[in-house]
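What follows is a short report on a single structure.
Proteins get letters first, then strands, A, B, ... in listed order; numbering begins at 1 in each. It should be emphasised that the depicted structure is a prediction, and the values quoted were computed from it without experimental measurement.
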Number of protein chains: 2
Amino acid sequence: MSRQADLQKIKDGFVQTQDILLALGDENRQSILVSLLEAGCDGMRVGQLTAQTHLSRPAVSHHLKILKEAQLVSIRKDGTKHYYAVQPNESFGIMQKTAAIIERLVEENEQND
Amino acid sequence: MSRQADLQKIKDGFVQTQDILLALGDENRQSILVSLLEAGCDGMRVGQLTAQTHLSRPAVSHHLKILKEAQLVSIRKDGTKHYYAVQPNESFGIMQKTAAIIERLVEENEQND
DNA sequence: TTCCTCCGTTGAAACATTTAAACCTTTTGA
DNA sequence: TCAAAAGGTTTAAATGTTTCAACGGAGGAA
């Protein structure tokens, strides 16, 4: 792959992963995501997450909204109960590829010194 | 690898990559990084970056500081001239592995439904 | 219906980030 | 030595983010 094509892939990758980079750059949202991964496909409710983290209910709700907008979590509603779970998201794959290209490009830069 | 070990790896990965997730979650810093990758090992100066982005010089300087603190860029000084370049950073590798584990875990969750 | 539970939303306050103008430091070269 | 050039730093304003308290709405149970 040409250097120019690599750079374009990185640019595209950045655009496509910006939401999840932003969402995952926050410690509270990382904690919530780990809790949700532990819970598995059944998901967790806001009240449970409030108990596990040191956050208030509205704060948990706020962070879940951001994770939801980044399409990292999904909701399943059962009556008044809302179960949140981690959602498959192709951005994780793009993130891996983008990081790999950057890694390779930086190494190539170093060698061509 | 056990599920428990996977979760621990994700937690550790999050802690180790938080700085770069935060740094890369910003559009301006993404632009700067791409410009620096284009420039290669020679690096670029603040003035050149100011011309390429739509940012002011202090703003570029500010974002470079954040990228520097995340150990994504390095400086080489030649007189009063400061050349910034992208630096090899093992966090990219950790980011890839963490994303891969999350991907796999989410898929496993879906299947065990 | 009436009460209760579970959550989302709104509004305001606290806090953090981003930006630009003005200033300061260091180096270069006349 | 003096002026110019390069770029970092400080300050203050604007903006964005995060948080909590209070409210509201929807569903379930009696």
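- The shortest distance between the side-chain N/O atoms of S61(A) and the OP1/OP2 oxygens of dC7(C) is not below 4.0 Å.
- At whole-Å resolution of the value, CG in L22(A) and P in dT18(C) are 10 Å apart.
- The side chain of N28(A) contributes an N or O atom lying less than 4.0 Å from OP1 or OP2 of dT19(D).
- Judged by atom type and distance alone, R57(B) reaches the base of dG8(D) through a side-chain donor-acceptor pair under 3.5 Å.
- At whole-Å resolution of the value, NZ in K81(B) and P in dA5(D) are 12 Å apart.
- Looking at every heavy atom in both residues, T98(A) comes nearest to G13(A) through OG1-CA, 3.5 Å.
- The distance from atom CG of L67(A) to atom P of dT17(D) is 15 Å, rounded to the nearest whole Å.
- The interatomic distance linking K77(B) (NZ) with dT25(C) (C1') rounds to 11 Å, in whole Å.
- Taking atom CG of residue L64(B) and atom P of nucleotide dG8(D), one finds them 7 Å apart after rounding to whole Å.
- Comparing dG27(D), dA6(D), dT18(D) against the side chain of T80(A) picks out dG27(D) as the nearest.
- The phosphate of dC6(C) (OP1 or OP2) has no side-chain N or O of H82(A) nearer than 4.0 angstrom.
- For I66(A) and dT9(C), the CD1 to P distance is 13 Å, given to the nearest whole Å.
- Residue whose closest nucleotide on DNA chain D sits further toward the 5' end, between D78(A) and H54(A): H54(A).
- In this structure, A99(A) and F92(B) approach most closely via the heavy-atom pair CB-O, 3.9 Å.
- For the OP1/OP2 pair of dC7(C) and a distance below 4.0 Å, the side-chain nitrogens and oxygens of Y83(A) include no atom meeting the criterion.
- Inspection of the Q16(A) and D12(A) side chains reveals no N or O donor paired with an N or O acceptor under 3.5 Å.
- Checking dG8(D), dT9(C), dT19(D) against every side-chain atom of K65(A), the shortest atom distance belongs to dT9(C).
- Residue R45(A) places no side-chain N or O under 4.0 Å from the OP1 or OP2 atom of dT5(C).
- Regarding K68(B), its NZ atom lies at a distance of 11 Å from the C1' atom of dG7(D), rounded to whole Å.
- Between dT18(C) and H62(B), a contact under 4.0 Å exists linking OP1 or OP2 to a side-chain N or O.
- Separating the CD1 atom of I75(B) from the C1' atom of dG8(D) is a distance of 10 Å, rounded to the nearest angstrom.
- For the pair E103(A) and N89(B), the minimum side-chain heavy-atom distance is 4.5 Å or more.
- With respect to L72(B), the side chain to side chain contact (heavy atoms under 4.5 Å, CB included) criterion is satisfied by exactly one of L24(B), D19(B), L36(B): L24(B).
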